[in-house]
Structures are given as structure tokens and as C-alpha cells.
Enquirer: 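I'd like to ask you about the structure that follows.
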Amino acid sequence: MDFWLSLGFKSNPYIVKPLPGNEDGRELLVGRDAELRSLLRRMRESDMHVVLEGPNGVGKTSLVLVAAWVASEEFRSGDSQQLYLPLLEPLQVKEDSEEFVSACYFAIARAFLEYEDTLKRAGRSVPRIKDLRLWLDSPILRTRGGGITSPFGGLTGSASASANSSQGYTQAGFRAAVRRWLSDAFPDGSGGFVGLIDNLELIDISSAAQGVMEEVRDPVLQLPGTRWVICGARGIARSVAATPRLNGVLSDPIDISPVPDEFIPHLIDARLKRYAVRGDAVAPVSAKTFEHIYEVSHQNLRDSLSYAQDFSFSLDPEFFLQSNEARIENAAKEWLAELAMKYERDIRLQPRMWKLLDDLAGIGGSCSPGDHLVLGFNDRTHMRKNVVDLERYGLVTSSREETDQRRRSIEITSKGWLVHYSRSQGLINPTIPGVDPQ
Ligand SMILES: Nc1ncnc2c1ncn2[C@@H]1O[C@H](COP(=O)(O)OP(=O)(O)O)[C@@H](O)[C@H]1O
Ligand SMILES: [Mg+2]
């Protein structure tokens, strides 16, 4: 029998994917009411695109997907006059800005297809579907915008080869058409498509990320009828939003902090309830146990969920079915401690490097290259050398050749937090003092 089903769940309740933009996602999004309101307000009332800055795994993508869906629902129910409709999937920013721009236009064209009925019902102008399909089938889009590799590739291939290779199907022609469709469908202030430009930190160096965003400013960020939400971690979104050329185009970043501890039990219970198919379902990781994991992982939701899964699979369903809550909780805590100790044992570091890890944890887990004095180094190069060593063991991540010295581009990883846990609790060596060696 399936693992989860035997425990009484329809599927994995600790799934680490972002929450979907639908009713389920809305119900499972816990502890984000203020952020949701603020995001919706800015999306609707400001003419600048919203920027979200926050560590990986805190819940940025989930928040945006749910917010965009809520916006579309509020139009449907008549609570809002502005028609906002989410693009079908998040866009990942690419270093090749031309390719990225194409992906954005392609996503908009696909959204017009998807929402044809919705737009018509709202009395909005829609492009002729036949034209749209011809464009989506044209070779120019198939090579650039990702038409062929797109999971929605089924839409292509309906038009004849002669039609889509005919004169006039050019990149520029397509973009002009998309721009026209947008301004026809969404006259000033009446809404638009909401697109998520996600994971800006994948372009690791802030000057490069700034460059790409500057290049997409005119073709993408200035398009009518579109609201972009731009997300990044490790200070990159903040860095990009501060670019003079994007002034007035991007908002001041909203900081997304970890979901506060007091919401965590409810957050997990909501999932367990949603996924349970029996009244007596047995959760390998209860709300209470999850609180412990969340604390150890330094309030990283994605990491915590992924530990919850790993622990679940480390034992047979029979163990959970035959044990009481206290026994399961102990097993989970032991499992996490074992993992932490295993990580710590495998690491050979000089005392100075250990101290850097401890000190970095002590100041919250992230710093910028310019913080060397705070961390007890006379110069940046010296700190850099130590950071590189921690990075080799996967205890921190950092950006190379960072140009923005204030950017908090050095950050403890989930493995780093586990090792820190092992050290600060003295799990292996009780004589090692934790955070503040005297
Ligand atoms: N407010 C929330 N309530 C419940 N689960 C959440 C919430 N925010 C995020 N999650 C879950 O946490 C994990 C990480 O969220 P995600 O949105 O992918 O983070 P980010 O984009 O910041 O890296 C996902 O599994 C997601 O379902
Ligand atoms: Mg994300």
C-alpha cells in the first residue's frame, strides 16, 4: 500500500512545492495576511511593479501565486473592479535578456488563449484566437520563446507550415501585436496580467542582475496591462530595486520575513487536515514536532518540510501506526540530531573557520562582504578565504565577484544550520561552547 495512504493521507502533506494559485493554496497559506493585503494593494493601486526580498524557502513564490489568484477571484465575485489574471507559470529570469523578453511575451500570448472566455465575459477585447495560434506556431517563437519545450506544447502544431513561415512573422511583429492586445484588453487602470519574475538570485552577481532588469525595462516592465512581481533572495532584489534606471519602475522592496513561530502549528495542522482521508490519520511529523524542526532550521519552511519528509521515509508506516505521539516525536528529534551530528563529524575545519560559522549564526546567518570587521577580520580578502572554506563544505553560500559590497550575499545553508545546531547543543562534543567561545 502507498506510504501516505497507509497513514491516512491522500498524498504527501509535507510537499515542498510552492502553494498553488487556487482555493487550496489560499487555504494553506498561513500567517501571511498582512503581506497578502500589502501585496494586493500595491498590485492594484501603484503604477510600480512590486519587488519582494526574502531568504530562500520563506514563502515568496507561494505568496505571489496565491495573491494573484485572490486578485482574480475578487474581480469574479465583484469585490474589485480591476481584472487581474495570473500568467500560467512563474518566469525565471535569464542572463540572456533577449531570451527572457521572448519568454515573457510568449507567456502573455498563452494567457490570452487561456483566459479568452474570462476576458470576453468581462467585456474585454480579445485577440482573434486564430491569429494568436498562428503566432504561437511561428518558427520565430518556437525557437526563442520556448514554445516547443513548453509543457503546453500541445497548443502548437495546429497551423500549417506555410502559414507560419510566411513573411511578416517576425519577433518585432509579434511583440507589437502583444502590446496592442494588452492595451486593448486592459485600458488604463482596469487590470492586467500578473506575472511573477522569480528567483532573481539565480543571476548571482548584482551588477549582472541589474543589467538584465535594465534591459527588460522597456520591452517588459513598461508593457501596458501587466503587473510584474519580482522576487529575489540574498539581497539581490534589493540591489536591483535600487538601480537608478529602475527608479519609478520598481517599488521599494517588501521584506518577506519567515512565518512567525506562533503560526507554525496552525500551518502544519492546516496541511494535515487538508491531506487526511481518515479521521485517525497518523502524522509522522506533528505540529509540535514541526516547531522543533522549524527552530533548528532557522525558520526555513522549505528546509523544514523537506526534513519532515526525510524523517517520514526513514521509518516504516507500521512504526507510526503502532507508536504514540510522544514516541514518534522522540524518534523525529533523534533523527534530526543524528543527521546534524553526522554532518558535523564529516567536517574538518580550522578553529578560525568554526568561529566564523558560529559568529555568522550569532548575527542571524547572513552578512555582506563589507561586514568583515563585525566578524573579526581585518580585511575582506581574509574573510573571503574563510568563507570559501565554509562554502566547500556546503555550510554557507555566497556570491563570487560581488560588486555590491553592502549586499548580504553570504548566507548559512540548511546544512550549516544543522551543523550549528549540533555544535551549539554540544551533541558530539559537549566541551565545545556554542555561540560565544570564551
Ligand atoms: N504562508 C505559508 N503557509 C503554508 N505554507 C507555506 C507558506 N509559505 C510557504 N509555504 C511552503 O513553504 C515552502 C517554501 O515556499 P516558497 O513559496 O517556495 O518559498 P520561496 O519562494 O520564498 O523560496 C513551500 O513548500 C510552500 O508550500
Ligand atoms: Mg521561490
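Numbers here simply count residues along the sequence, with the first being 1.
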Enquirer: Look at the side chain of Gln299 and the backbone N and O of Pro258, then say whether any donor-acceptor pair between them is shorter than 3.5 Å.
Expert: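 A pair under 3.5 Å: no.
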Enquirer: In sequence, state the C-alpha distance, the side-chain angles, and the governing distance for Cys231 and Val64, and then conclude on side-chain contact (heavy atoms from CB on, under 4.5 Å).
Expert: CA-CA 9 Å; Cys231 291; Val64 178; 3.9 Å; yes
Enquirer: Does the side-chain contact (heavy atoms from CB on, under 4.5 Å) test come out yes or no for Ile293 and Trp335, once each step is laid out?
Expert: CA-CA 11 Å; Ile293 299 178; Trp335 175 88; 6.0 Å; no
Enquirer: Given salt bridge (charged side-chain N to carboxylate O under 4.0 Å, His left out), test Lys288 with Glu291 step by step and report yes or no.
Expert: CA-CA 5 Å; Lys288 182 154 171 262; Glu291 284 183 285; over 6 Å; no
Enquirer: Taking the six-membered ring for Trp, is the centroid-to-centroid distance between Tyr84 and Phe75 below 6.0 Å?
Expert: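 No, too far apart.
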Enquirer: Could you check if a side-chain atom of Trp4 sits within less than 4.5 angstrom of a side-chain atom of Pro13, using non-hydrogen atoms only?
Expert: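 They are in side-chain contact.
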Enquirer: Do the rings of His420 and Trp417 sit parallel, tilted or perpendicular, given the 30° and 60° boundaries?
Expert: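 Ring orientation of His420 relative to Trp417: perpendicular.
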Enquirer: What is the ring orientation for His292 with Tyr421, classed by angle as parallel under 30°, tilted 30 to 60°, or perpendicular over 60°?
Expert: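 It falls in the perpendicular class, over 60°.
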Enquirer: Begin with the C-alpha distance, continue with both residues' side-chain angles, and end with the deciding distance and a verdict on side-chain contact (heavy atoms from CB on, under 4.5 Å) for Asp404 and Arg406.
Expert: CA-CA 5 Å; Asp404 179 353; Arg406 288 157 315 165; 3.6 Å; yes
Enquirer: Can any side-chain N or O of Thr243 pair as donor or acceptor with the backbone N or O of Arg245 at less than 3.5 Å?
Expert: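 No, the answer is negative, given that no donor and acceptor are paired below the 3.5 Å cut-off.
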Enquirer: Counting C-beta onward and ignoring hydrogens, is there a side-chain heavy-atom pair between Glu74 and Gln81 closer than 4.5 Å?
Expert: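 In short, these two side chains do not touch, never coming nearer than 4.5 Å.
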Enquirer: Going through the checks in order, is the salt bridge (charged side-chain N to carboxylate O under 4.0 Å, His left out) test met by Lys120 and Asp117?
Expert: CA-CA 5 Å; Lys120 275 185 179 159; Asp117 291 343; 5.2 Å; no
Enquirer: Counting distance only, does the side-chain N/O of Asn12 pair as donor-acceptor with the main-chain N or O of Tyr14 below 3.5 Å?
Expert: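 Yes: the side chain of Asn12 pairs with the backbone of Tyr14.
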Enquirer: Report the residues that fulfil ring-ring contact (aromatic ring centres under 6.0 Å, His included) with Phe320, sequence neighbours left out, ordered by chain and then residue number.
Expert: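 Counting only residues at least two positions away or on another chain, Phe320 forms a ring-ring contact (aromatic ring centres under 6.0 Å, His included) with Phe311.
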Enquirer: With a 4.5 Å limit on heavy-atom distance, are the side chains of Val259 and Leu301 in contact?
Expert: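 They are in contact (side-chain heavy atoms under 4.5 Å apart), so the answer is yes.
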Enquirer: Using a 4.5 Å cut-off on heavy atoms from C-beta on, say whether the side chain of Ser366 contacts that of Arg234.
Expert: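 Sidechains of Ser366 and Arg234: no contact.
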Enquirer: So does Arg32 pair up with Glu35, basic N to acidic O under 4.0 Å?
Expert: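 Here Arg32 pairs with Glu35 in a salt bridge, since their nearest N and O are under 4.0 Å apart.
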Enquirer: Between Lys385 and Thr381, is any pair of side-chain heavy atoms under 4.5 Å apart?
Expert: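 SC-SC contact between Lys385 and Thr381 ruled out.
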Enquirer: Before accepting this row, confirm whether a basic side-chain N of the pair Arg26/Glu23 lies closer than 4.0 Å to the acidic partner's carboxylate O.
Expert: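 Judged by the 4.0 Å cut-off on N to carboxylate O distance, Arg26 and Glu23 do not form a salt bridge.
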Enquirer: One thing to verify: whether Arg175 and Glu98 come together as a salt bridge, which I'm taking to mean a side-chain N less than 4.0 angstrom from a carboxylate O.
Expert: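 Salt bridge between Glu98 and Arg175, a charged N being under 4.0 Å from a carboxylate O: yes.
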Enquirer: Holding to ring-ring contact (aromatic ring centres under 6.0 Å, His included), I want the full list of residues that pass it with Phe186, two or more places apart in sequence or in another chain.
Expert: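 For Phe186, the residues satisfying ring-ring contact (aromatic ring centres under 6.0 Å, His included) (neighbours in sequence not counted) are Phe193.
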Enquirer: Would you say the side chain of Val212 lies within less than 4.5 Å of the side chain of Ile203, judging by non-hydrogen atoms?
Expert: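 Yes, at least one pair of side-chain atoms sits under 4.5 Å.
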Enquirer: Does the Lys NZ or Arg CZ of Lys415 fall within the cation-pi geometry relative to Tyr343 - under 6.0 Å from the ring centre and within 45° of the axis?
Expert: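 Yes, Lys415 lies over the aromatic ring of Tyr343.
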Enquirer: Is Lys94 paired with Asp96 through a side-chain N to carboxylate O contact shorter than 4.0 Å?
Expert: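 Salt bridge between Asp96 and Lys94, a charged N being under 4.0 Å from a carboxylate O: no.
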Enquirer: Which residue in the set Asn386, Leu349, Leu390 passes side chain to side chain contact (heavy atoms under 4.5 Å, CB included) when paired with Leu357?
Expert: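 One option only clears the test, and that one is Leu390.
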Enquirer: Please tell me if the side chains of Leu87 and Arg110 come closer than 4.5 Å, counting only heavy atoms from C-beta onward.
Expert: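 Counting from C-beta outward, Leu87 and Arg110 never come under 4.5 Å.
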Enquirer: Does some side-chain heavy atom of Arg238 sit less than 4.5 Å from a side-chain heavy atom of Arg407?
Expert: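 No. Closest side-chain heavy atoms not under 4.5 Å.
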Enquirer: Donor-acceptor check, side chain of Thr289 to backbone of Val285, threshold 3.5 angstrom: yes or no?
Expert: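 Answer holds: no.
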